[in-house]
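Only one structure is covered here, and it is reproduced in the block below.
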Amino acid sequence: MNNFDYLIGKTCTYIQEIDCEIQSFEYRTEDKFPYTACVIVKLLPLNMEDVDSATLEDMQDGVGLEYIADILQ
């Protein structure tokens with residue numbers, strides 16, 4: 001699996017509406033069949049006023065890579 005750490009500090013969009021900064025990545029793999037793997041992204045919103053407390057908690061706990069887009073280099 002590739003390492004996505006070079007994206008830490010970059011900005012992105014979470015669920016097509018919240019601009020945020022990538023804080024870290026967590027890689028999870030299953031030890032048993034079907035041996036799935038996923039990438040969890042921890043985010044920090046750029047504008048805290050745009051985010052309710054439940055969404056902020058989700059972003060800080062980590063979201064699936066599939067929920068972020070528009071990563072700016």
Side-chain angles (χ1 to χ4, degrees):
M1 184 180 306
N2 288 335
N3 186 330
F4 293 101
D5 290 346
Y6 68 96
L7 295 174
I8 293 173
K10 306 293 185 195
T11 59
C12 64
T13 305
Y14 173 57
I15 55 174
Q16 300 180 344
E17 62 186 53
I18 302 170
D19 292 327
C20 50
E21 179 181 293
I22 297 171
Q23 296 291 297
S24 65
F25 290 91
E26 182 179 323
Y27 308 99
R28 297 182 184 166
T29 57
E30 294 292 325
D31 293 336
K32 58 185 177 186
F33 186 79
Y35 305 107
T36 58
C38 64
V39 177
I40 303 299
V41 186
K42 296 187 181 191
L43 303 169
L44 179 67
L46 296 179
N47 187 356
M48 292 288 208
E49 289 129 18
D50 292 342
V51 182
D52 61 56
S53 61
T55 303
L56 179 60
E57 186 175 325
D58 288 344
M59 293 172 72
Q60 291 176 339
D61 287 343
V63 301
L65 186 61
E66 66 273 15
Y67 294 109
I68 67 169
D70 302 327
I71 299 172
L72 300 177
Q73 295 292 330

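None of these values were measured; they are calculated from a predicted model.
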Any idea how F33 and Y35 line up, ring-wise: parallel (<30°), tilted (30 to 60°), or perpendicular (>60°)?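 Aromatic pair F33/Y35 classed perpendicular.
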Where does the angle between the aromatic ring planes of Y27 and F4 fall among parallel (under 30°), tilted (30 to 60°) and perpendicular (over 60°)?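 Parallel.
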Please round to the nearest 0.5 Å and tell me the distance separating atom [atom1] of [X] and atom [atom2] of [Y].
| X | Y | atom1 | atom2 | value |
| --- | --- | --- | --- | --- |
| L72 | I22 | CG | CD1 | 9.5 Å |
| L43 | T13 | CG | OG1 | 10.5 Å |
| C12 | D19 | SG | CG | 8.5 Å |
| Q23 | L44 | CD | CG | 4.5 Å |
| C20 | K42 | SG | NZ | 14.5 Å |
| K10 | I68 | NZ | CD1 | 13.0 Å |

Joint hydrophobic cluster, [X] plus [Y], side-chain heavy atoms closer than 4.5 Å:
| X | Y | answer |
| --- | --- | --- |
| L56 | I40 | no |
| I15 | V63 | yes |
| L46 | M48 | no |

One pair to check against side-chain contact (heavy atoms from CB on, under 4.5 Å): F25 and L7. What are the steps and the verdict? CA-CA 9 Å; F25 290 91; L7 295 174; 4.0 Å; yes
Would one find more than 12 heavy atoms of other residues, nucleotides or ligands at under 6.0 Å from atom CD of Q16?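 Open: at most 12 neighbouring heavy atoms sit under 6.0 Å from CD of Q16.
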Please indicate whether Y67 has more than 12 foreign heavy atoms, meaning atoms of other residues, nucleotides or ligands, lying under 6.0 Å from its OH.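 No - once you tally the heavy atoms of other residues, nucleotides and ligands closer than 6.0 Å, there are 12 at most.
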